[in-house]
Peer 1: 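One structure is given below, represented as structure tokens, and several questions about it will come after.
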Amino acid sequence: MDQEDVADIFRKRNLTSIAVVNDEKKLLGTINVDDIVDVIDDEAQEDILKLAGVGEQDFYAAIMSISKARFTWLFFNLIAAFFASYIIKNFEDTIEKLAILAALMPIVASMGGCSGTQSLTTAVRAIAMKQLTWSNALRSMGKEVSVGVINGMIFSGACFFITYYWFEELILSFVISISLFLNLIFGSFFGTFIPIFLTKKGVDPAVASGTFVTMLTDIVGFFMFLSLATIFLV
């Protein structure tokens, strides 16, 4: 068996040792819990490094090795950034007429990305621990969306009052608060759905999820904010 699967058996059943047999069920030896502690630690470290997009690099690795490990994640983030920039470009007339939108856009994208990253980290860890599967995906997504709704109400309300205090524009305050509220919800949803979906398709969610979540929260956030601004402010 794969060492991660063995570690999961120890974790779930609270074992102190387990037998090792061959295909003929002949006893070959045993694995003790102290043997598996390092495995659990290594697997957890591997998931954290993958989630950050740095692969399996070592802290003391050579410069070129570290650069190579981080290249793929940075490359896909660059592509995602251009997608978000394309959305903004389509609303350049709106931004030109109301330049203050450029100062407020990062708030919506940043908060949505933060919400997505929080849900993503929780989901990837739960998948690694075999706690989150396709069978309970709907319930998990519903729970994260509910968290997004609660946080969305709190932070969109705060954003409304701060924006109104700064600019004394009621409609502008409504536009950014609604956009922020919706993007926090979408971030929570994407952060849970994407790793589950990738796992279903046989892709390691720790490696690929971060780029997709960042891209989607940026695109959705910019699109909603600029669309609402175009409708109600221009």
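Computed over heavy atoms, backbone and side chain alike; hydrogens, waters and symmetry mates excluded.
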Peer 1: With a cut-off of 6.0 Å (strictly less than), are more than 12 heavy atoms of other residues, nucleotides or ligands near CD of Q131?
Peer 2: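 Enclosed.
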Peer 1: D218 side chain to M215 main-chain N or O, any donor-acceptor pair under 3.5 Å?
Peer 2: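 Pair absent, no side-chain N/O of D218 close to backbone of M215.
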Peer 1: Using modelled atom types and a 3.5 Å cut-off, is there a donor and acceptor pairing between side-chain atoms of S115 and backbone atoms of M111?
Peer 2: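 No: the side chain of S115 does not pair with the backbone of M111.
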Peer 1: Once you round to the nearest 0.5 Å, how far does CG of L104 lie from CZ of F167?
Peer 2: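 Result: 5.0 Å between the selected atoms.
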Peer 1: Can you tell me which residue pairs pass the side-chain hydrogen bond (donor to acceptor under 3.5 Å, both in side chains) test with a partner in residues 18-27, sequence neighbours excluded?
Peer 2: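 For residues 18-27, and leaving out neighbouring residues, there are no side-chain hydrogen bond (donor to acceptor under 3.5 Å, both in side chains) pairs at all.
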Peer 1: Please report the interatomic distance OG(S135) to CD1(I196), rounded to the nearest 0.5 Å.
Peer 2: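 Between S135 OG and I196 CD1, I get 9.5 Å after rounding to 0.5 Å.
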Peer 1: Hey, what do you get for CE (M153) to CD1 (I185), rounding to the nearest 0.5 Å?
Peer 2: 8.5 Å
Peer 1: Not counting sequence neighbours, list each pair that qualifies as a side-chain hydrogen bond (donor to acceptor under 3.5 Å, both in side chains) and has a residue in residues 151-178.
Peer 2: none
Peer 1: Does L170 CG have over 12 foreign heavy atoms under 6.0 Å away?
Peer 2: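 Enclosed: over 12 neighbouring heavy atoms sit under 6.0 Å from CG of L170.
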Peer 1: Would you please name every residue forming a salt bridge (Lys or Arg N to Asp or Glu O under 4.0 Å) with K200, sequence neighbours left out?
Peer 2: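 Applying salt bridge (Lys or Arg N to Asp or Glu O under 4.0 Å) to K200 gives none.
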Peer 1: Could you pull out the closest heavy-atom pair between S119 and S188, with the gap in Å?
Peer 2: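 Between these two residues, the closest heavy atoms are OG-CA, 3.3 Å.
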Peer 1: Could you tell me whether the side chains of T94 and T230 share a donor-acceptor contact shorter than 3.5 Å?
Peer 2: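 Note: T94 and T230 side chains meet the donor-acceptor criterion.
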Peer 1: What are the two closest heavy atoms between F10 and I31, and how far apart are they?
Peer 2: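 Closest approach of F10 to I31, heavy atoms only: CZ-O, 3.4 Å.
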Peer 1: Among the clusters formed by ILVMFWY side chains lying less than 4.5 Å apart, do M105 and Y86 turn up in the same one?
Peer 2: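 Different hydrophobic clusters.
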Peer 1: Report yes if the side chains of M224 and N183 come closer than 4.5 Å at any heavy-atom pair, otherwise no.
Peer 2: yes
Peer 1: Nearest 0.5 Å please: distance from the CD1 atom of I87 over to the CZ atom of F223.
Peer 2: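 The CZ atom of F223 is 7.0 Å from CD1 of I87, to the nearest 0.5 Å.
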Peer 1: Using 0.5 Å steps for rounding, measure from the CZ atom of F155 to the CD1 atom of I162.
Peer 2: 10.0 Å
Peer 1: Nearest 0.5 Å please: distance from the CD1 atom of I219 over to the OG1 atom of T214.
Peer 2: 10.5 Å
Peer 1: Measure the acute angle between the ring planes of F174 and F160, then classify it against the limits of 30° and 60° as parallel, tilted or perpendicular.
Peer 2: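 F174 vs F160 ring planes: tilted.
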Peer 1: For residues I9 and M1, determine if any side-chain heavy atom of one lies less than 4.5 Å from a side-chain heavy atom of the other.
Peer 2: yes
Peer 1: Do F161 and F225 sit in the same hydrophobic cluster, where Ile, Leu, Val, Met, Phe, Trp and Tyr count as joined when their side-chain heavy atoms come under 4.5 Å apart?
Peer 2: no
Peer 1: If you compare all heavy atoms of I95 against all heavy atoms of I88, which two are closest, and at what distance to 0.1 Å?
Peer 2: CD1-CG2, 3.6 Å
Peer 1: Under 4.5 Å between side-chain heavy atoms, counting indirect links through other Ile/Leu/Val/Met/Phe/Trp/Tyr residues: same cluster for F190 and I79 or not?
Peer 2: yes
Peer 1: Indicate if F75 and L198 have the same hydrophobic cluster label, given that clusters are the connected sets of ILVMFWY residues with side-chain heavy-atom separations under 4.5 angstrom.
Peer 2: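 Yes.
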Peer 1: Please give me the minimum heavy-atom distance between I171 and L233, naming the atom from each residue.
Peer 2: CG2-CD2, 3.5 Å
Peer 1: Would a single hydrophobic cluster contain both V147 and L182, if residues Ile, Leu, Val, Met, Phe, Trp and Tyr are joined by side-chain heavy-atom contacts under 4.5 Å?
Peer 2: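 L182 and V147: separate clusters.
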Peer 1: Would you say L132 and T199 make side-chain contact, with heavy atoms under 4.5 Å?
Peer 2: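 Heavy-atom side-chain distance check fails, nothing below 4.5 Å.
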Peer 1: Step through the shown structure and confirm whether more than 12 heavy atoms of other residues, nucleotides or ligands are within 6.0 Å of CZ on F189.
Peer 2: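 More than 12 heavy atoms, drawn from other residues, nucleotides or ligands, come within 6.0 Å of this atom.
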Peer 1: So which heavy atom on L15 is nearest to which on I18, and how close?
Peer 2: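 Smallest interatomic distance, heavy atoms only, reads CD1-CD1, 4.0 Å.
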Peer 1: More than 12 heavy atoms of other residues, nucleotides or ligands under 6.0 Å from CZ of F82: yes or no?
Peer 2: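 Check fails, neighbour count at 12 or below.
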Peer 1: Please step through side-chain contact (heavy atoms from CB on, under 4.5 Å) for the pair F222 and V108, ending with a clear verdict.
Peer 2: CA-CA 7 Å; F222 288 141; V108 178; 5.9 Å; no
Peer 1: Taking all non-hydrogen atoms of both residues, which atom of L101 and which atom of A229 are closest, and how far apart?
Peer 2: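 Looking at all heavy atoms of both residues, the closest pair is CD1-CB, 3.7 Å.
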